[in-house]
Amino acid sequence: MMKYKLGSSISGVYGLVKKGKIPLPLFSCGVSAGFPSPADDYIGQQLDLNDLLIKNPAATFFVRVAGDSMTGVGINDNDILVVDRSLEPVHGKIIIAAINGELTVKRLVKTDTSCRLMAENPNYPPIEITEDLTCVAWGVVTSVIHQFC
Amino acid sequence: MAMKKVFALVDCNNFYASCERLFRPELNDKPIVVLSNNDGCVIARSNESKALGLKMGDPHFKIKDMLAKHKVHVFSSNYTLYGDLSHRVMTILQQMEPEVEVYSIDEAFISLPYTPGRSYSNYARYLKEKVRQCVGIPVAIGIGPTKTLAKVANRLAKKNAQYAGVFDITDHGQLDDLLANYDVEDVWGIGRQSAQKLKMRGILTARDLRDADDVWIRKRLTVTGLRTAMELRGIPCIPLELVQPGKKSIISSKSFGRPVSTLADMKEAVATYLSTAAEKLRGQGSAAGAVQVFISTNTFNPNQPQHVQSMMASLPSPSSFTPHLLKAALHCLESIFKPGYQYKKAGVMLVEIVPAHCQQINLFDLVSTENPELMQAVDRINQKWGSQTVQLAAAGLAKTWKMVRSHKSPAYTTNWSELPVVNAIS
């Protein structure tokens with residue numbers, strides 16, 4: 001008669017009792033490589049040029065520059081200007097003005113006694129605003145777009 | 001108790017003409033006219049043109065010499081520009097006020113809370129100046145206790161220079177006199193036919209209508225006419241509509257620049273109009289259950305043989321997929337087209353419009369051959385690069401039948417290559 005010796009004994013046999021679900025945490029970010037990114041807590045918004053350059057879309061227009069009278073401030077021929085009509089044309093601002101009916105870009109220089117429209121290029125003289133010159137502000141230039149390629 | 005309200009009607013002055021002046025300040029005091037599609041007739045005039053005696057609807061060919069003689073500046077309609085500037089005006093108003101109803105391309109009603117003793121004129125002048133500064137469009141503002149009276153006030157603001165474009169009827173002591181001098185035909189909601197009925201009954205002015213018998217008004221002018229009379233009495237009956245209901249039918253139609261007599265050219269035109277209508281349909285989240293096509297010769301020319309006909313085709317199930325709509329449209333066209341006629345106009349109308357998600361599954365259409373992603377991609381490309389950048393081959397590329405617009409101003413605000421140019425040479 002063979003006797004079998006068991007290395008370990010089975011202490012008991014139990015049935016399986018299904019009790020409930022154990023919720024497991026779900027990662028809210030994609031776990032592509034299997035580890036949470038250290039950047040997760042610092043996710044920022046994607047950058048949009050509209051947010052940077054256009055504060056009031058309904059009052060903002062784009063115009064194209066023809067000429068070089070404002071090269072001194074980095075406004076070159078064929079550049080695009082972002083013009084906001086809702087801003088006040090005050091002393092020191094670069095503005096678009098209708099001078100005798102023609103849209104022109106100039107810097108506005110106002111003192112107590114005079115009002116002048118200045119170019120930013122020594123080759124061009126300032127324009128003094130007098131009685132016989134019709135000059136109407138059209139908008140304030142907030143930025144210039146120069147495309148290299 | 002409901003909050004009492006006051007209504008302001010903001011109306012742009014000579015809107016299309018004012019749009020043309022924004023980037024052409026040298027035209028600010030010059031006579032301007034804007035012509036309808038195909039440079040047909042006058043649809044807008046500046047005040048200087050009005051002073052020359054030019055009327056709305058004057059056919060261009062008839063007034064050509066007079067326009068040249070008085071150096072009137074002529075523009076073909078530039079709806080792309082007008083639509084953009086209109087949107088800007090409405091946005092500025094909506095930035096200032098929460099309850100704005102966009103009534104038409106150049107009019108908006110604003111609902112303001114009623115405060116006794118408040119000067120609405122001052123606020124209206126502030127709004128007017130804000131619109132002028134931000135968008136460069138001059139407006140007139142009329143204020144009243146009802147929409148109908150706001151319209152009366154607006155008209156008075158425009159007609160009388162002493163009001164400087166702003167008039168508050170609630171502030172005016174002699175409301176009776178104002179209404180007594182206001183022609184009943186000019187009242188909002190009273191058309192020519194109704195006005196004739198009223199005038200025959202001795203109702204000639206707004207005041208007469210206001211004081212007329214309710215039962216008679218209800219009978220002759222229906223409940224709509226009664227609402228108008230009550231509004232003239234200062235009782236608001238027409239609420240502000242803040243959400244525009246989707247269109248019940250969408251039409252795309254234009255006259256041809258030159259007469260069309262071949263089926264091939266007609267197909268191109270119908271395909272083009274159908275695409276435009278379908279784009280609008282998708283833009284409002286709808287689908288159409290039927291397509292109608294109409295074609296017409298020039299009915300103003302009695303010397304030519306005439307053919308005017310239309311036909312409607314139902315779709316197996318409502319669709320917003322251009323190729324399916326086109327199939328139905330071309331089927332209609334082929335059925336009604338007759339060779340030997342000089343067609344002057346064609347059009348497409350999408351009807352039986354339902355929300356896109358309400359499309360019922362058709363027994364015979366179990367596998368959808370529609371491709372909404374394709375349409376979305378096409379719509380996005382066309383929005384970005386200009387309409388008809390991507391189009392149906394059926395719509396043709398040459399389009400020799402297309403509308404004539406020889407005096408159109410540039411798309412100043414919607415096309416990078418057509419931006420206004422500023423001088424930096426002086």
Side-chain angles (χ1 to χ4, degrees), chain A residues 55-89 94-107 117-121 123-127 134-141 144-145 147, chain B residues 10 12 18-30 32 71 73 80-81 83-97 100 102 108 126-127 129-139 384 409-426:
Chain A
K55 302 303 172 195
N56 190 349
T60 301
F61 295 88
F62 299 109
V63 300
R64 197 163 296 271
V65 176
D68 61 356
S69 67
M70 298 294 282
T71 49
V73 284
I75 294 177
N76 293 291
D77 182 50
N78 211 42
D79 284 351
I80 293 174
L81 300 177
V82 181
V83 184
D84 188 338
R85 285 183 63 107
S86 65
L87 298 177
E88 285 308 313
I94 297 176
I95 65 169
I96 304 296
I99 302 175
N100 285 337
E102 193 179 359
L103 293 176
T104 312
V105 52
K106 292 274 180 223
R107 188 186 293 279
L117 293 173
M118 311 276 294
E120 289 283 347
N121 182 328
N123 296 329
Y124 296 90
I127 298 176
T134 42
C135 178
V136 182
W138 199 94
V140 174
V141 178
V144 54
I145 300 169
Q147 291 175 281
Chain B
V10 179
C12 303
S18 296
C19 288
E20 297 293 352
R21 280 176 165 167
L22 176 59
F23 298 101
R24 300 281 304 274
E26 79 275 17
L27 298 179
N28 278 344
D29 50 2
K30 304 279 191 296
I32 298 177
K71 299 208 179 62
H73 294 263
T80 312
L81 178 66
D84 180 64
L85 295 179
S86 168
H87 179 75
R88 289 166 183 265
V89 170
M90 301 310 171
T91 303
I92 297 292
L93 293 175
Q94 284 159 341
Q95 280 173 0
M96 320 279 294
E97 281 298 322
V100 176
V102 176
Y126 170 70
L127 281 181
E129 174 52 25
K130 199 73 176 187
V131 171
R132 188 214 62 77
Q133 178 175 5
C134 291
V135 193
I137 301 291
V139 306
K384 184 171 174 190
S409 51
Y412 292 117
T413 61
T414 50
N415 190 329
W416 290 110
S417 54
E418 295 185 24
L419 294 184
V421 176
V422 297
N423 162 356
I425 52 168
S426 64

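Because only heavy atoms are used, hydrogens play no part in the values below, and waters and symmetry mates are left out as well, while side chains stay in. Every chain is numbered from 1, with letters handed out A, B, ... down the list of sequences.
The distance from atom CG of A:Asn123 to atom CD1 of B:Ile425, rounded to the nearest 0.5 Å, is 13.5 Å. Interatomic distance, A:Leu103 CG to B:Arg24 CZ, rounded to the nearest 0.5 Å: 10.0 Å.
Of all heavy-atom pairs spanning B:Cys134 and A:Ser86, the tightest one is SG-CB, 3.6 Å. Nearest approach of A:Asn56 to B:Ile92, heavy atoms of both residues: OD1-CD1, 4.4 Å. The two atoms that bring A:Ala66 and B:Val421 nearest to each other are CB-CG1, 3.5 Å, heavy atoms only. Closest non-hydrogen pair, A:Ala58 versus B:Val135, comes out as O-CG2, 4.2 Å. For A:Arg85 against B:Gln133, the heavy-atom pair with the smallest separation is NE-O, 2.7 Å. Closest approach of B:Trp416 to A:Arg64, counting heavy atoms only: O-NH2, 3.4 Å.
With chain B as the partner, the residue from A:Asp68, A:Val136, A:Ile75 showing the most heavy-atom pairs under 4.5 Å is A:Asp68. With chain B as the partner, the residue from A:Gly101, A:Gly67, A:Ala59 showing the most heavy-atom pairs under 4.5 Å is A:Gly101. If you tally non-hydrogen atom pairs under 4.5 Å between each of A:Ile127, A:Ile80, A:Asp84 and chain B, the highest count goes to A:Ile80.
Only the side chain of A:Leu81 comes within less than 4.5 Å of a heavy atom in chain B; its backbone stays farther off. Proximity to chain A is absent for every atom of B:Arg21, based on heavy atoms less than 4.5 angstrom apart. Contact of A:Phe62 with chain B is made through backbone and side chain together, with heavy-atom distances under 4.5 Å. Heavy atoms of A:Ile99 lying under 4.5 Å from chain B are absent altogether. Neither the backbone nor the side chain of A:Pro125 comes within less than 4.5 Å of any heavy atom in chain B. If you measure heavy-atom distances from A:Thr60 to chain B, the contacts under 4.5 Å come from the backbone alone. Heavy-atom distances place no part of B:Leu27 under 4.5 Å from chain A, backbone and side chain included. Contact annotation for A:Asp77: neither backbone nor side-chain heavy atoms come within less than 4.5 Å of a heavy atom of chain B.
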> Could you walk me through whether B:Val422 and A:Met70 pass the side-chain contact (heavy atoms from CB on, under 4.5 Å) check?
Replying inline: CA-CA 12 Å; B:Val422 297; A:Met70 298 294 282; over 6 Å; no
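Ring geometry, B:Phe23 versus A:Trp138: the interplanar angle falls from 30° to 60°, so the pair is classed tilted.
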